[in-house]
Amino acid sequence: MSEQPMKDIENKTFRGYFRKNGKPGIRNRVLVIYTVKCSEFVAREIVERTHSQDTELVGFDGCTDNQYAVNLLISLIRHPNVGAVLAVGLGCEYIQPEWLADIAANEGKLASWMFIQNEGGTRSTIEKGSAWVEWALKQLKNTKRVSMTLSDLVIGAECGGSDYTSGLAGNALVGRFFDHLVDQRGTAIFEEIVEAIGLKDMLVKRGVDDKAKKDISDTYDKALEYCRSVHQYSVSPGNFAGGLSTIEEKSMGALVKSGTRPIQGVLKVSQRPEHSGLWLLDSTPDPYWMQFGITNPNDSEGLMDLVSCGAHLVFLVTGRGNVVGSAVGPCIKITGNHDTFQRMSEDMEFDASPVLDGSKSLEDMANLLASYVFKIASGKLTKSEEMGHREFYIPYKYQNNSGVAHRCEAK
Amino acid sequence: MKNAYVINSKDNVAVALETIEKGELVPVIGESALKEIEAIDAIPKGHKIALCGIAKGADIVKYGIVIGHATAQIQKGSWVHLHNMASNYDERSSAMDEHTGAPKDTVYE
């Protein structure tokens, strides 16, 4: 690969937000967390009353807790794009808002928590919570700024609503961009192992060492066993209508977004990459006493999982079009289908179709995408951020985070 | 820009970048020795056209990899989709409607 690509912005810096632990952030958000469905309304009202693009809602619906969900909430609290955390509970649930606030405080972030039962109900909790968020937003204006380059970024990618253009243009473009990002010691994460079915050898070969190869192999085997068990592969009516006939065909188009560089290892949801380079995210549930559960029920979960691994921003490649954004990590929606881009131009961020009609090379488009990423990282809001999209999805799931689960554990 | 796009020289199918009418002769672009091909079916935009005759049971190759197998004899120039090919993994995909992609194996009363 030539040295030319992305040369203009290779050493260009932008101003990020200093964090006590880990990488600086590209946003400075106040996260309002509900710890059970019963406190969702109150938490949502607190967010809405602040009328700020920088206040966001996430939460977990269940009263009984779940290690996977707690880990995910903690990963969002520790995320570099988050500067302050308010945890709102009802008062009976398993998940402890006070402990979440303690973790935020230990990270050097502004933190507070409330139980609605202690505060006296809906109105008083909303008033107290809104006042705290207003205060936090003012405080965050004083956050120390530090200079960052593209190589400081962690970027995640997934695809959703794929059609024939996804493999030829949208994902091919992300793959080329990821090659450059990784070559400049940036960090890239791709996911959807259930969309690598049929491509095991190709994927395993790219493992950087024996451990990575074994982890990729075991992760693939688990995903295939999962698909066989639930009789559902990750291919949908829209994909078929768009010209894709089989999961293998879709897989090949999906894997292209990982580019060509070696895979450093496999991450589970909420795990941070140990160092820069290209990483595979495994969001498939591990076999457990409740059996698998459901994986990848929608695109928002995939985006949330990438953000939980520390992605500053995420790409969603969608041939057929999608409108979702993401809490915590801004989402750049890329399509290789020019009709989709025109029809949904208020939502689609980046048109990769010049790759398909031959008017621009993949290399030229990767440069344009890099410039666009630079702008978003510098603070320009994505179209989904501007429209208020802040989707999140935190389900009950089981994953063994002590390492990649090997097949024998299920037996 | 009506043509059939071949991604890899090993492929036996090409992608129609625009809808091709039945009986139309279109240029083949990309990694193929074939210069042009006549569509013997209508090929919807983004769908696949057979570059050669493919025997029942033989591999369907796109991106240089096997993406499934032929479930019927496929003639050169045919539309290749759910009605004449199937996944080697996913037993359900052939139960979808080849035009809309909608599932035909789920009962709606």
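Protein chains get the first letters and strands the later ones, always in sequence-line order, with residue 1 at the start of each.
Contact annotation for A/Asp201: neither backbone nor side-chain heavy atoms come within less than 4.5 Å of a heavy atom of chain B. No part of B/Asp97 comes within reach of chain A, as not one of its non-hydrogen atoms sits under 4.5 angstrom from that chain. In this structure, chain A has no heavy atom under 4.5 Å from any part of B/Ile29.
Atom CD1 of B/Ile7 is separated from atom CG of A/Leu168 by 4.5 Å, given to the nearest 0.5 angstrom. Distance check: A/Ile247 CD1 to B/Ile67 CD1 gives 11.5 Å after rounding to the nearest 0.5 Å. Atom-to-atom distance recorded for A/Ser251:OG and B/Ile65:CD1 is 7.5 Å, nearest 0.5 angstrom. Here the straight-line distance linking atom OG of A/Ser245 with atom CG of B/Asn84 works out to 8.0 Å at 0.5 Å rounding.
Listed by chain and residue number, A/Glu248 satisfy the side chain to side chain donor-acceptor pair (under 3.5 Å) test with B/Ser87 (two or more places apart in sequence, or in another chain).
The two residues A/Glu249 and B/Tyr63 have their closest heavy-atom pair at O-CE1, 3.9 Å. Residues B/Leu17 and A/Tyr164 share a closest heavy-atom pair of O-OH, 3.6 Å.
Note on A/Leu244, A/Val256, A/Thr165, A/Asp163: by heavy-atom pairs under 4.5 Å with chain B, the leading option is A/Leu244. Top candidate by heavy-atom pairs under 4.5 Å with chain A, chosen from B/Tyr89, B/Trp79, B/Tyr5, is B/Tyr89.
Taking non-hydrogen atoms and a 4.5 Å limit, the residue list of residues 36-49 of chain B in contact with chain A, ordered by number, reads B/Lys45, B/Gly46, B/His47, B/Lys48.
Environment of CD in B/Gln75: sparse, with no more than 12 heavy atoms of neighbouring residues, nucleotides or ligands closer than 6.0 Å.
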